[in-house]
Trainee: 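Have a look at this one before I ask anything.
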Amino acid sequence: MSTIDVIVIAIVEGLTEFLPVSSTGHMIITQNLLGVESTPFVKAFTVIIQFGAILSVVCLYWKRFFHLNAGKVTDLRSFIHKFDFYWKLLVAFLPAAVIGFLFSDEIDALLENVWVVAVMLVLGGIFMLFVDKLFNKPDSSREITEKKALAIGFFQCIAMIPGVSRSMATIVGGMAQHLSRKTAAEFSFFLAVPTMFAATSYKMLDLFLRPDGMAVLSENVGALVIGNVVAFVVALLAIKFFIGFVTKYGFKAFGYYRILVGGIILIMMLLGYNLRIV
């Protein structure tokens, strides 16, 4: 990959990772427009730069990430209360972690199917046109209970189907638990941190364990640094935009956009383009 390729892919990652538009679908189009070869490093790169996007969430919401509830820890109940924020993230993270571990081969097989990505983009887009009407009764309380966190965690598992979008699945999951659009979106961002950190760590380990892993990493340190920095800055701006936009206008615009992107991929496939997933 050239430096331009690195920057463009990182911009696309930063823009799409937290929006309900499927970063996978955008990566397909971007990779093929740039003519980037799908090497083991390129596949790892698109996951590793998620670390920069993770840092943008922690930076924007640092007060939430580094806040502990008052009180001494004397038993399990007080421990959970003390670390309530982290506990609920763990509860929401576990379903995807377990299902991802048990069905990793099946998920990898789906990830190789561009048709699945395109169709799910379109279907998800149609669904998003009606999300605001389907879930328009948020609770007056903004509290996220363990039960709600677990339910959102199961919704996140739907995003293992490529093209669904992790952000869309978790936001819809939050709204289905009667959270407001803003609260659901913010919890989706928070849940992305352990989820994406796990994916990034796994991909780093997988690359490191390859016979040429250390050599590949050392040769591409610059690309990884640039990619993470760009993804961090762009994701920072994308999150700020998304919260303001979705609070005011809802999700319909993202639905139309998903249908457009999915339609472009389908048309390219029907015209004979050999599209690949990075």
Trainee: Check for me, please, whether Tyr256 and Met128 land in the same ILVMFWY cluster - side-chain distances under 4.5 Å, paths through other members count.
Mentor: yes
Trainee: If we ignore hydrogens and angles and just use 3.5 Å, is the side chain of Gln31 paired with the main-chain N or O of Val36 as donor and acceptor?
Mentor: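 Between the backbone of Val36 and the side chain of Gln31 there is a qualifying donor-acceptor contact (under 3.5 Å).
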Trainee: Looking at Thr247 and Gly244, would you say the former's side chain and the latter's main chain have a donor-acceptor pair under 3.5 Å?
Mentor: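 The answer is no, because no donor-acceptor pair under 3.5 Å joins these two groups.
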Trainee: Is the CD atom of Glu106 crowded by more than 12 outside heavy atoms at less than 6.0 Å?
Mentor: yes
Trainee: Show your working on side chain to side chain contact (heavy atoms under 4.5 Å, CB included) between Leu60 and Leu236 and close with a plain yes or no.
Mentor: CA-CA 7 Å; Leu60 276 176; Leu236 207 65; 3.5 Å; yes
Trainee: Any idea which heavy atoms bring Cys157 and Ile99 closest together, and the distance?
Mentor: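 In this case the closest contact between Cys157 and Ile99 is SG-CD1, 3.5 Å.
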Trainee: Ignoring hydrogens, what is the shortest heavy-atom contact between Arg181 and Gly250? Give both atom names and the distance.
Mentor: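 Here Arg181 and Gly250 meet closest at NH1-CA, 3.6 Å.
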Trainee: Taking Ser201 for its side chain and Ala198 for its backbone only, find out whether a donor-acceptor pair lies under 3.5 Å.
Mentor: no
Trainee: Would you check if the side chain of Asp132 reaches a backbone N or O of Phe251 as a donor-acceptor pair within less than 3.5 Å?
Mentor: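 It does hold such a pair.
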Trainee: Keeping the roles fixed (side chain from Asn113, backbone from Val116), state whether a donor-acceptor pair exists under 3.5 Å.
Mentor: yes
Trainee: Heavy-atom count check: over 12 atoms from other residues, nucleotides or ligands less than 6.0 Å from Phe232 CZ?
Mentor: yes
Trainee: Show your working on side chain to side chain contact (heavy atoms under 4.5 Å, CB included) between Lys182 and Val246 and close with a plain yes or no.
Mentor: CA-CA 7 Å; Lys182 182 179 180 181; Val246 78; 5.9 Å; no
Trainee: Evaluate the criterion side chain to side chain contact (heavy atoms under 4.5 Å, CB included) for residue pair Phe135 and Leu179; output intermediate values, then yes/no.
Mentor: CA-CA 9 Å; Phe135 308 109; Leu179 299 178; over 6 Å; no
Trainee: Is the number of heavy atoms from other residues, nucleotides or ligands under 6.0 Å of Lys252 NZ greater than 12?
Mentor: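 No - once you tally the heavy atoms of other residues, nucleotides and ligands closer than 6.0 Å, there are 12 at most.
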Trainee: Under 30°, 30 to 60°, or over 60°: which ring-plane class applies to Phe51 and Phe197, parallel, tilted or perpendicular?
Mentor: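 Because their plane-to-plane angle lies in the 30° to 60° range, the rings of Phe51 and Phe197 count as tilted.
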Trainee: Quick check: closest heavy atoms across Ala185 and Ile243, and the distance to 0.1 Å?
Mentor: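 Taking Ala185 first and Ile243 second, the nearest heavy atoms are CB-CD1, 3.9 Å.
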Trainee: What's the separation between atom CG in Leu15 and atom OG in Ser23, rounded to the nearest 0.5 Å?
Mentor: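 Spacing of CG (Leu15) from OG (Ser23) equals 11.0 Å.
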Trainee: May I ask whether Val225 and Ile11 are part of the same hydrophobic cluster, defined by side-chain heavy atoms of I, L, V, M, F, W, Y residues being less than 4.5 angstrom apart, directly or through others?
Mentor: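 Different clusters.
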Trainee: Once the angle between the rings of Tyr61 and Phe190 is folded into 0 to 90°, is it parallel (under 30°), tilted (30 to 60°) or perpendicular (over 60°)?
Mentor: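 Perpendicular: the ring planes of Tyr61 and Phe190 meet at over 60°.
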Trainee: Among the clusters formed by ILVMFWY side chains lying less than 4.5 Å apart, do Phe66 and Leu89 turn up in the same one?
Mentor: yes
Trainee: Taking atom CD1 of Ile259 and atom CG of Leu123, what is their separation to the nearest 0.5 Å?
Mentor: 9.5 Å
Trainee: Could you tell me which non-hydrogen atom of Ala169 sits nearest to which non-hydrogen atom of Ala159, and how far apart they are?
Mentor: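 Shortest heavy-atom separation between Ala169 and Ala159 comes out as CB-CB, 4.1 Å.
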Trainee: Can you get from Val12 to Val229 by hopping between Ile, Leu, Val, Met, Phe, Trp and Tyr side chains that sit under 4.5 Å apart?
Mentor: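 No, Val12 and Val229 fall in different hydrophobic clusters.
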Trainee: Roughly how far apart are Ile226 CD1 and Met1 CE, rounded to 0.5 Å?
Mentor: 10.0 Å
Trainee: Work out which heavy atom in Phe155 is nearest to a heavy atom in Ala176; give both atom names and the distance.
Mentor: CZ-CB, 4.0 Å
Trainee: Would you please name every residue forming a side-chain hydrogen bond (donor to acceptor under 3.5 Å, both in side chains) with Thr183, sequence neighbours left out?
Mentor: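 With neighbours one apart ignored, the set is Ser180.
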Trainee: Side chains of Thr170 and Ser188: do they bring a donor and an acceptor to under 3.5 Å?
Mentor: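 Result is yes, a qualifying pair exists.
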Trainee: Under the 3.5 angstrom rule, does the side chain of Arg258 hit a backbone N or O of Val164 as a donor-acceptor pair?
Mentor: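 Confirmed, Arg258 side chain pairs with Val164 backbone.
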Trainee: Which heavy atom of Gly227 sits nearest a heavy atom of Ala10, and at what distance?
Mentor: O-CB, 3.4 Å
Trainee: Is the closest side-chain donor-acceptor distance between Ser167 and Glu17 under 3.5 Å?
Mentor: no
Trainee: Which is it for Leu266 and Trp115 under the side chain to side chain contact (heavy atoms under 4.5 Å, CB included) test, yes or no, and what are the steps along the way?
Mentor: CA-CA 7 Å; Leu266 286 173; Trp115 288 102; 3.6 Å; yes
Trainee: I want to know whether Phe18 and Phe242 have ring centres closer than 6.0 Å.
Mentor: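 Ring centroids of Phe18 and Phe242 are no less than 6.0 Å from each other.
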